[in-house]
Amino acid sequence: MVADPTREFRHFIEALCDPLCVLGFMLLFLFWCLCRRFHCLAKIIWLALISFLLIASTGWLPQYLTYMLEQRFTKVIMPKPCIHWVVVLSGGQADQSNLNAYESLNGVSIKRLLEGIRLYQHLPKAKLILSGASVSDAPSEAAQLKILAQQNGVLLEDIILEERALNTKQQMYYLKAIVQEAPFYLVTSAVHMPRAFDIACQYHLHPLAAPTDFTYFWQDERRMRNIIPNARNLVYLSVVIHELLGMMWQKATASS
């Protein structure tokens, strides 16, 4: 496994940038201002806090940032028959060894796998590469994806596991030894695709974007999600912040 000494630091920075964490610090600062009787400053902090809460919990900003990432690549309708590799990046699982594959893998991983299987079924000579490690004693995400892939008709001899990578950068590092210079369909969530695609290109791989798991939270009859504060909007904003921070970190480390 590739050593990643910055992993905990990156997770710490991401936690500090989470909208709820920012709101918490603003509340603490407001409390401090009130205790010190800085009433004018407290009014400014209160106004900033309410404004930030409304912006983060209504749908306008999360929807715009999500669309900005997801619109870069479109869904593959009919794959090219000349492609012989389909790579599925895992999206997370519960770290418990007593769960079966359906219970362990989260919805993101399952959606990615189903899209990978769909592409595989259209490609007569394709191999399905499943990538994802485990951070505990539980089976790797790749191994759990393999179980579901076989249950959905993928032949065992057509499955290749990559069980060492803990993040997207490591996935591309290990993928290089498997696909080498060959083009491949890269399957991951649409919001994650821009970062994954750029990292693959930095490793001189030749990916063809096959995004899935598009965000349709705002695309239903409940239009009020855009104008009434909703906790789910905070969740989607956190997802986008994770991707944007990852892209910033990747550019910073690539140029250093």
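Only a predicted model underlies this, so the values are computations on that prediction, with no experimental measurement involved.
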With distance as the sole test, does K127 use its side chain to make a donor-acceptor pair with the main-chain N or O of E157 at under 3.5 Å? yes
NE2/H204: more than 12 non-hydrogen atoms of other groups inside 6.0 Å: no
Salt-bridge present (E70, K75; N to O < 4.0 Å): no
For the pair F29 and L41, evaluate side-chain contact (heavy atoms from CB on, under 4.5 Å) and give the outcome as yes or no after the intermediate values. CA-CA 10 Å; F29 190 36; L41 181 57; 4.1 Å; yes
Point-to-point distance, once rounded to the nearest 0.5 Å, from CG of L166 to CD of Q171: 9.0 Å
V88 side chain reached by I129 side chain, heavy atoms, under 4.5 Å: no
Heavy-atom side-chain contact between T66 and W218 under 4.5 Å: yes
How about CZ on F73, more than 12 heavy atoms from neighbouring residues, nucleotides or ligands closer than 6.0 Å, or not? yes
Any side chain to side chain donor-acceptor pair (under 3.5 Å) pairs touching residues 25-48, not counting sequence neighbours? none
Any idea which heavy atoms bring P62 and T58 closest together, and the distance? CD-O, 3.2 Å
E115 side chain reached by L119 side chain, heavy atoms, under 4.5 Å: yes
Closest non-hydrogen atom pair between Y120 and V86, with its separation: N-CG2, 4.2 Å
Just do the side chain to side chain donor-acceptor pair (under 3.5 Å) check on S189 and R112 with the steps written out, would you? CA-CA 7 Å; S189 300; R112 295 178 185 183; 3.0 Å; yes
Nearest-0.5 Å distance that lies between atom CD in Q202 and atom NZ in K169: 8.0 Å
Would you check if there is a donor-acceptor pair between the side chains of H206 and E181 at a distance under 3.5 Å? yes
Would you mind reporting whether V87 and V187 have side-chain heavy atoms less than 4.5 Å apart? no
For P81 against L123, the heavy-atom pair lying closest together: CA-CD2, 3.7 Å
Non-hydrogen atoms of E163 and A133 that approach each other most closely: O-CB, 3.2 Å
Counting distance only, does the side-chain N/O of Y185 pair as donor-acceptor with the main-chain N or O of H84 below 3.5 Å? no
So which heavy atom on P207 is nearest to which on F197, and how close? O-CE1, 3.4 Å
For the hydrophobic clusters of this structure (ILVMFWY residues joined by side-chain heavy atoms under 4.5 Å, transitively), does one cluster hold both M248 and I13? no
Any side-chain heavy-atom pair from L16 and F25 closer than 4.5 angstrom? yes
Looking at D158 and K125, is there a salt bridge between them, counting it only when a charged N and a carboxylate O are closer than 4.0 Å? no
When clusters are formed by joining ILVMFWY residues with side-chain heavy atoms under 4.5 Å apart, either directly or through shared neighbours, do L27 and F38 land in the same one? yes
same_hphob_cluster(Y67, V240) at 4.5 Å side-chain heavy-atom cutoff: no
For the backbone of S131 and the side chain of S90, can you confirm whether one donor and one acceptor N or O come within less than 3.5 Å of each other? yes
Looking only at side chains, do N233 and S57 share a donor and an acceptor under 3.5 Å apart? no
Just verifying a value: how many Å separate H122 NE2 and I77 CD1, rounded to the nearest 0.5 Å? 10.0 Å
Indicate yes or no for a side-chain donor-acceptor contact from Q93 to the backbone of P139 under 3.5 Å, with no hydrogens or angles considered. yes
Please name all residues satisfying ring pair (Phe, Tyr, Trp, His ring centres under 6.0 Å) with F214, sequence neighbours left out, ordered by chain then number. none
Go through it in stages, so that I can follow the logic: the residues are Y203 and I199, the test is side-chain contact (heavy atoms from CB on, under 4.5 Å), and I'd like the CA-CA distance, side-chain angles, deciding distance and then a yes or no. CA-CA 7 Å; Y203 276 95; I199 294 175; 4.0 Å; yes
Would you say F217 and L61 are hydrophobically clustered, going by side-chain heavy atoms of ILVMFWY under 4.5 Å? no
Checking E141 side chain against G92 main chain: does a donor-acceptor pair fall under 3.5 Å? yes
If you apply the rule side-chain contact (heavy atoms from CB on, under 4.5 Å), what do you find for H242 with D18, and how did you get there? CA-CA 9 Å; H242 169 80; D18 186 86; over 6 Å; no
Polar side-chain atom of Q250 near backbone of G246 as donor-acceptor pair, under 3.5 Å: no
Separation of N167 CG from M172 CE (nearest 0.5 Å): 10.0 Å
Can you tell me if E162 uses its side chain to pair, donor with acceptor, with the backbone of R164 under 3.5 Å? yes
How long is the gap from CH2 on W85 to CD on Q180, to the nearest 0.5 Å? 8.5 Å
Any heavy-atom pair between the side chains of L20 and L23 that's under 4.5 Å? yes
Are L148 and L128 co-members of a hydrophobic cluster defined by side-chain heavy atoms under 4.5 Å apart? yes
Taking atom CG of L245 and atom CD of E243, what is their separation to the nearest 0.5 Å? 9.5 Å
Exceeds 12 heavy-atom contacts within 6.0 angstrom, atom NZ of K176: yes
If you define the side chain from C-beta out and look only at heavy atoms, does anything of Q63 sit under 4.5 Å from M68? no
After noting the C-alpha distance and the side-chain angles of L89 and H192, does the key distance pass the side-chain contact (heavy atoms from CB on, under 4.5 Å) rule? CA-CA 10 Å; L89 305 184; H192 177 239; 4.0 Å; yes
Locate the shortest heavy-atom distance separating P19 from S238; write the atom from each residue and the value. CD-OG, 3.4 Å
Heavy-atom side-chain contact between Y236 and V191 under 4.5 Å: no
Heavy-atom count check: over 12 atoms from other residues, nucleotides or ligands less than 6.0 Å from F31 CZ? no
